[in-house]
Amino acid sequence: MAKLCVNVDHVATIRQARQTDEPDPVAAALVAERAGAVGITVHLREDRRHIQDRDLRLLRQVVRGKLNLEMAAVAEMRAIALEVRPEQATLVPERRQEVTTEGGLDAAGQAGRLPGIIGPLRQAGIALSLFIDPRPGQLAAARELGADYVELNTAAYSEAKTPAGRKKELEALREAALGARALGLGVHAGHGLTYLNAGPVAALPHLEELNIGHSIVAHAVFVGFERAVREMADLIERAGRS
Ligand code: PXP
């Protein structure tokens, strides 16, 4: 049954907007775990636009569940991950100009470059996840590269404008979840999920974790962070049982 990992990047985004020390993503992580999150996800971007190195090190000390570090597949981040030792690293594509992660990692196209990042992390006991679009070629590449998990990119599903479009993208996610499982890969998903659209994804077969950030932080402005996390964790649990 799917569980919630809360992405606290956007708590740091608010802090960085004023270059000050609040709100604190580390405090948010503590609240999120108390409210039912099984893990905390952060993306330490190369441009440090939200999460800072200090946040990551403090999170390593306080997170009791899973700490999931989203990172670009580059030597700098490999070194940081090997030092900080999150339970899990998720490789994501990164472009400086993007507002948020755009599209999944091209695991198939970068098969030559990725082993140098994946190998040392896995040898250090860090579970390895690849954020990919829900396509058979990417699943096969993830398997070939020795990933433990794939995080299926739900952006196309989240951004679909019509019920038919949503249905088609949900079907692609379902096929990918089944395909990943058949290849022996664990299945995570995320990106752009909200209180209105997370349910059907949480109900997909073999789905273990959902990474959700922006919508929770947005809802927290009105109801508080603890309640926002709890509502999402409950929604996911209910959907998983249905
Ligand atoms: N998964 C990955 C790989 C991401 O890059 C992000 C955004 O940082 C998320 C999940 C969470 O997306 P959102 O903030 O839209 O919930």
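Not measured: the values here are computed from a predicted model. Start at 1 and go down the list; that is how both ligands and their atoms are numbered. Note: hydrogens, waters and symmetry copies are ignored here, and every other heavy atom, side chains too, is used. Count residues from 1 along the sequence.
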As an exercise, identify every atom of ligand 1 less than 4.0 angstrom from a heavy atom of [X].
X	value
Glu151	1 (N), 2 (C), 3 (C), 10 (C)
Val92	3 (C)
Gly192	12 (O), 13 (P), 15 (O), 16 (O)
His214	13 (P), 14 (O), 16 (O)

Under a plain distance cut-off of 3.5 Å, with no hydrogens placed, do [Y] and [X] share a side-chain donor-acceptor pair?
X	Y	result
Asn211	Asn7	no
His43	Glu94	yes
Glu209	Asn68	no

Original post:
For the side chain of Gln52 and the backbone of Arg48, is there at least one donor-acceptor N/O pair under 3.5 Å apart?
Top reply: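 Yes; at least one donor-acceptor contact below 3.5 Å.
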Close N or O approach ([X], ligand 1; < 3.5 Å):
X	value
Gly190	no
Glu70	yes
Phe131	no

Original post:
Among the heavy atoms of Ile212, does any lie under 4.0 Å from an atom of ligand 1?
Top reply: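 In this structure, Ile212 qualifies as a contact of ligand 1 - some heavy atom is under 4.0 Å.
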Original post:
Ser215 near ligand 1, heavy-atom distance under 4.0 Å?
Top reply: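 Ser215 does not count as a contact of ligand 1 under the 4.0 Å cut-off.
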Original post:
Using heavy atoms and a threshold below 4.0 Å, how should the contact between Asn211 and ligand 1 be classified: side chain, backbone, both, or neither?
Top reply: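 It is both parts that get close, each with some atom under 4.0 Å.
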Subject >> Heavy-atom neighbours of Arg181 CZ exceed 12 at 6.0 Å >> reply: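 Not more than 12 within 6.0 Å, no.
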Original post:
Counting only heavy atoms not in Arg143, do more than 12 fall under 6.0 Å of its CZ?
Top reply: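 Not buried by this count: 12 neighbours or fewer within 6.0 Å.
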Subject >> Residue from Val42, Leu44, Leu121, Leu56 passing side-chain contact (heavy atoms from CB on, under 4.5 Å) with Met71 >> reply: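 Considering Val42, Leu44, Leu121, Leu56, a side-chain contact (heavy atoms from CB on, under 4.5 Å) with Met71 is found only for Leu121.
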